[in-house]
Amino acid sequence: MKILITNDDGIYSPGIAALAKAARQFGEVRVVAPDVEQSSMGHAITHSRPLSYKRSPISFEGLEAWRVNGTPADCVTLGTHLWEGVDAVLSGINMGPNLGNSMWHSGTLAGAKQAVLLGIRGIALSIPVGGTEPDFEALHPHVVEVLEELLPRPGMCLYNVNFPVTASQGVQWTRQSVRQYDGRVSPIQDPYGRELYWINVAPLEAAEEGTDRRAVEDGYTSITPLRLDLTSEAELAKELEVGGVEKGKG
Ligand code: MN
């Protein structure tokens, strides 16, 4: 199995090293990641300038590794173009959760989504980060467990995996929490007294039962199966029905 690994924290992140270490027992692994952090860049692609593909100064214990001056989606497009026959794309392990609404902004998830757009299955993996870096050694068996579960699945699957802060109590299959959040804007001043702004988000309501947010809050590893079709089936069916009735009357 050929496994391409990317992330949005950049090639120097300890999270991508932890993912590469766990993935290598499942097949041939290559790392293609942004040369600088691309967190919250979502599914952006670079089309107004060309991209470079350079050897990484980090060895990843002998794995081939490349850095790209672009987004996670760029890395997947370029990486699968220059390495034919990739079976799966893994993105992460992100230093920070990608739960609920943050899926819309996540560059980590976009790496996995881009894989599915190209006809390859994609798995995004994230973990919350507190005051200290996550204990990736302790997380290792949990990452392996998730990959054992998800990698052999056939088809163009897309999964969003989120680990809890501390040792996982097990895996829970969840749906995305889509409650509203507060798009916080915090003003600060630069050393010259000029006003600048930090943009942040905070959920407005508690996590619902059965969601990704709740599972991680309860200490479980959350796996959310996703699809790319955003169509609201219920509303579309209603509109088509109304249209059909009017048409019938006419
Ligand atoms: Mn990130």
Side-chain angles (χ1 to χ4, degrees), residues 3-23 29 31-46 51 56 58 60 65-79 88-117 122-136 139-140 142-143 146-147 158-165 168 176-177 181 183-184 186 197-203 212-213 215-217 221-224 226:
I3 302 168
L4 186 94
I5 292 187
T6 193
N7 75 348
D8 77 357
D9 294 333
I11 199 149
Y12 299 98
S13 169
I16 198 168
L19 183 54
K21 190 179 173 187
V29 173
V31 176
V32 181
D35 57 0
V36 295
E37 184 170 353
Q38 297 283 330
S39 290
S40 296
M41 293 300 276
H43 207 135
I45 57 168
T46 304
L51 294 166
S56 162
I58 302 177
F60 293 92
W66 301 83
R67 62 194 160 103
V68 174
N69 59 342
T71 65
D74 292 334
C75 290
V76 172
T77 304
L78 199 53
V89 171
L90 308 180
S91 185
I93 299 168
N94 188 60
M95 304 280 277
N98 277 308
L99 298 161
N101 288 304
S102 47
M103 282 194 211
W104 290 98
H105 312 296
S106 173
T108 305
L109 181 58
K113 280 192 293 174
Q114 182 67 8
V116 178
L117 284 175
I123 305 170
L125 304 101
S126 308
I127 186 167
V129 177
T132 55
E133 279 187 4
D135 184 350
F136 285 115
L139 187 69
H140 181 81
H142 299 291
V143 180
V146 163
L147 295 182
L158 176 62
Y159 299 106
N160 188 35
V161 179
N162 280 272
F163 298 102
V165 186
S168 175
Q176 179 187 16
S177 170
Y181 65 71
R184 275 182 197 166
S186 308
Y197 300 92
W198 277 109
I199 290 186
N200 206 343
V201 298
D212 51 359
R213 271 176 63 201
V216 169
E217 275 174 20
T221 297
S222 163
I223 304 180
T224 308
L226 301 173

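Computed from heavy atoms alone, side chains included, the values below leave out hydrogens, waters and symmetry copies. Ligands are counted one by one from 1 in listed order, and the atoms in each one are counted from 1 as well.
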List the residues meeting side chain to side chain contact (heavy atoms under 4.5 Å, CB included) with Ala17, not counting sequence neighbours, and say none if there are none.
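So Ala17 forms a side chain to side chain contact (heavy atoms under 4.5 Å, CB included) with Phe60.
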
Could you list the residues that satisfy side chain to side chain donor-acceptor pair (under 3.5 Å) with Ser39, not counting sequence neighbours?
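Result, side chain to side chain donor-acceptor pair (under 3.5 Å) vs Ser39: Asp8, Asp9, Glu37.
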
Kindly write out the residues that satisfy side chain to side chain donor-acceptor pair (under 3.5 Å) with Glu133, not counting sequence neighbours, or none if the list is empty.
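Listed in chain order: nothing, the list is empty.
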
Compare all side-chain heavy atoms of Met103 with those of Asp212 and state whether any distance is below 4.5 angstrom.
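Heavy-atom side-chain distance check passes, below 4.5 Å.
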
Count up the protein N, O or S atoms sitting under 2.8 Å from the Mn ion (ligand 1), would you?
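Under the 2.8 Å cut-off, the count stands at 4.
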
Any chance you could measure Ile199, atom CD1, to Arg184, atom CZ, to the nearest 0.5 Å?
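With rounding to 0.5 Å, CD1 (Ile199) is 13.5 Å from CZ (Arg184).
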
What distance separates Ser40 OG from Asn98 CG, expressed to the nearest 0.5 Å?
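With rounding to 0.5 Å, OG (Ser40) is 8.0 Å from CG (Asn98).
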
